[in-house]
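Here the structure is laid out as structure tokens; the discussion comes afterwards.
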Protein chains: 2
Amino acid sequence: MTATEHSEKPLRADAERNRQRVLAAAREVFARRGLEAGLDEIARHAGVGTGTVYRRFPDKISLVTALFEERLDQVVATVEQAVAHPDPWEGLCSALESLIAMQIEDRGLKDVIFGAVGDHESFRERRAELLPLVQQGVCRAVEAGVLRPDFALTDFAPLQVMLTQVAAFTEAADPQVWRRYLRIVLDGLCTRRDAPSPLGHPALDLLQLEQACGRPLPPC
Amino acid sequence: MTATEHSEKPLRADAERNRQRVLAAAREVFARRGLEAGLDEIARHAGVGTGTVYRRFPDKISLVTALFEERLDQVVATVEQAVAHPDPWEGLCSALESLIAMQIEDRGLKDVIFGAVGDHESFRERRAELLPLVQQGVCRAVEAGVLRPDFALTDFAPLQVMLTQVAAFTEAADPQVWRRYLRIVLDGLCTRRDAPSPLGHPALDLLQLEQACGRPLPPC
DNA sequence: TCTTAAGCGGAAGGACTCTCTCCGGATGGA
DNA sequence: TCCATCCGGAGAGAGTCCTTCCGCTTAAGA
């Protein structure tokens with residue numbers, strides 16, 4: 001059941017404990033700061049030396065893959081579930097929403113999904129798994145006449161980028177206001193409507209806006 | 001008429017020539033790479049030494065302000081003109097579109113508008129000039145019943161962020177496809193509609209999408 | 001033409017950042 | 001008890017970028 005079960009020799013008890021600490025710290029730090037976080041910060045956060053990190057994970061990418069392979073399974077599962085919603089429109093909305101929410105809660109995940117790791121093979125494969133799922137959701141919604149028919153499968157990722165980036169921009173001012181922009185986008189995606197659907201979340205006030213403008217934009 | 005007209009002594013002819021070269025190079029390099037571009041790169045691009053850059057502009061921020069104060073005047077003028085459009089909806093659309101287009105063509109401008117320069121006083125002031133203009137456009141459009149009434153003045157900047165960021169994401173794959181997402185957003189902003197309005201620009205194909213995912217997200 | 005203040009290029013300094021290695025000392029476990 | 005294993009964290013190495021400095025060159029006025 002331990003992470004090293006399959007490996008040749010079990011680690012010494014203290015080593016295995018530290019390994020788990022490093023993984024937990026990395027999960028937290030990468031989530032908060034994205035993959036640009038340094039291993040020093042992770043080591044400090046885990047309460048171990050940097051050497052200890054490098055003894056378990058030969059380099060940074062090993063740590064990242066160890067963490068995010070499993071995480072991507074969760075992403076695929078979540079989208080699978082969202083798309084299975086009986087209502088095609090709700091299914092698509094919820095797939096988009098949960099993808100964005102997951103990437104906002106975990107900036108490292110965003111970096112992994114949108115290729116900030118260079119082109120690591122395993123991540124590329126996992127990303128490819130998402131496509132058919134989304135395609136299914138898109139087709140179903142177009143056929144049901146609820147999603148605008150000129151919507152393309154390849155529009156899904158750019159929409160995610162739009163919303164995760166705006167979320168990063170407004171995060172400090174109001175961590176939930178991105179949902180407002182999601183609603184606007186969804187109103188733009190539906191086939192027709194007689195009135196705007198409720199935005200659900202209030203707009204920023206001027207002070208919050210200035211706060212948001214004051215910080216640099218999130219890296220693309 | 002020269003840029004140093006007001007200063008105490010006119011520069012030597014070669015010095016003035018180099019000054020102009022530096023400004024031109026900075027304009028180009030900042031436009032292409034944003035303010036993160038180094039002064040070394042600008043000097044090289046201008047065909048001068050880094051010392052020459054520093055002789056005219058005591059530090060990086062001086063060069064940036066020298067360039068962008070004038071540029072921001074153009075931005076204000078463009079928005080002023082867009083908002084003055086006889087049709088309130090067209091005016092708002094065109095204000096948003098031209099703001100985005102300007103920031104895409106000039107990444108440095110985006111950095112200046114969205115505060116990547118820290119909080120340099122003069123930029124903050126100029127940014128503030130834009131608000132009443134946008135407010136006028138928004139009010140007019142809401143009163144005319146074309147813009148959804150729950151739209152707020154402070155939504156304007158986040159929408160810009162969304163679209164400039166998605167543009168940066170898809171730039172390498174197709175430099176114009178952001179217009180497609182602008183259309184979707186605008187369809188989300190209007191009060192009512194019977195059918196999707198034409199997106200105008202074709203979606204990416206799968207190859208282009210992969211190309212876009214392959215590069216890191218643009219900085220926020 | 002001569003003189004000289006002004007200007008020039010670009011190497012180098014300094015202050016960071018981040019990844020990764022190394023080694024003397026500590027310790028789990030048989 | 002004993003030693004293979006593991007530890008911390010200093011620091012090497014490679015990179016970035018801003019800025020300074022200095023010996024050489026040149027424009028321009030007398």
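All chains are named by letter (A, B, ...) in the order of the sequence lines, taking the proteins before the strands, and each is independently numbered beginning at 1.
Using a cutoff of 4.0 Å between basic side-chain nitrogens and carboxylate oxygens, A/Arg126 and A/Asp73 are scored as salt-bridged.
Look at CZ on A/Arg19: it is 19 Å from C1' on D/dG8, rounded to the nearest Å. Here the P atom of nucleotide C/dG9 and the CD1 atom of B/Ile42 are 15 Å apart, to the nearest Å. The distance from atom CG of B/Asp59 to atom P of C/dG14 is 20 Å, rounded to the nearest whole Å. The separation between A/Leu39 atom CG and D/dG13 atom P is 20 Å, rounded to whole Å. Whole-Å rounding puts the A/Glu16 CD to D/dC7 P distance at 10 Å. For the pair A/Tyr54 OH and C/dC18 P, the interatomic distance rounds to 11 Å; values are reported in whole Å. Counting to the nearest Å, the P atom of D/dT19 and the CG atom of B/Leu63 are 11 Å from each other. One can place CD of A/Glu41 at 8 Å from P of C/dC18, the figure rounded to the nearest angstrom.
Contact annotation for B/Gly51: base contact, defined as any heavy-atom pair under 4.0 Å involving a base atom. Residue contacts for B/Arg44: at a heavy-atom cut-off of 4.0 Å it reaches no nucleic acid atom on any strand shown. If you check every strand for non-hydrogen atoms under 4.0 Å, A/Asp40 touches a base.
The two residues A/Ala66 and A/Phe57 have their closest heavy-atom pair at CB-CE2, 4.0 Å.
For B/Lys60, whose side chain is taken as the heavy atoms from C-beta onward, the closest listed nucleotide among D/dT19, C/dG9, D/dA28 is D/dT19. Among the nucleotides C/dT19, D/dC7, C/dG28, the one closest to the side chain of A/Arg55 is D/dC7. For A/Arg12, counting side-chain heavy atoms from C-beta on, the closest listed nucleotide (C/dC20, C/dG7, D/dC6) is D/dC6. Here the nucleotide nearest the side chain of B/Asp14, chosen from D/dC6, D/dT20, D/dA27, is D/dA27. Between D/dC7, C/dG7, D/dC6, one nucleotide has an atom nearer to the side chain of A/Leu11 than all others, and that is D/dC6.
At the phosphate of D/dC7, OP1 or OP2 sits under 4.0 Å from a side-chain N or O atom of A/Asn18. For the pair B/Lys9 and C/dA6, the criterion of a side-chain N or O lying under 4.0 Å from OP1 or OP2 is met.
Checked by distance alone, B/Thr50 brings a side-chain donor or acceptor within 3.5 Å of a matching partner on the base of C/dA11. Residue A/Arg17 places no side-chain atom within donor-acceptor reach of the base of C/dG28, judged by atom type and a 3.5 Å distance cut-off alone.
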Residues A/Val177, A/Gln208; criterion side-chain contact (heavy atoms from CB on, under 4.5 Å); working and verdict: CA-CA 11 Å; A/Val177 74; A/Gln208 288 173 313; over 6 Å; no
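Within the 4.5 Å cutoff, the side chain of A/Met162 has no heavy atoms near those of the A/Tyr181 side chain. Side-chain atoms of A/Thr78 and A/Leu99, non-hydrogen and from C-beta on, never get closer than 4.5 Å to each other.
With no hydrogens or angles considered, a side-chain donor-acceptor pair links B/Glu16 and B/Gln20 at under 3.5 Å.
Near DNA chain D, meaning a heavy atom under 4.0 Å away, there are no residues from residues 64-71 of chain A.
Environment of CD in A/Glu129: crowded, with over 12 heavy atoms of neighbouring residues, nucleotides or ligands closer than 6.0 Å.
Each of B/Arg33 and A/Thr52 was matched to the nucleotide of DNA chain D holding its nearest heavy atom; the match closer to the 5' end belongs to A/Thr52.
Screening residues 44-56 of chain B for side-chain hydrogen bond (donor to acceptor under 3.5 Å, both in side chains), with sequence neighbours left out, gives B/Glu28-B/His45.
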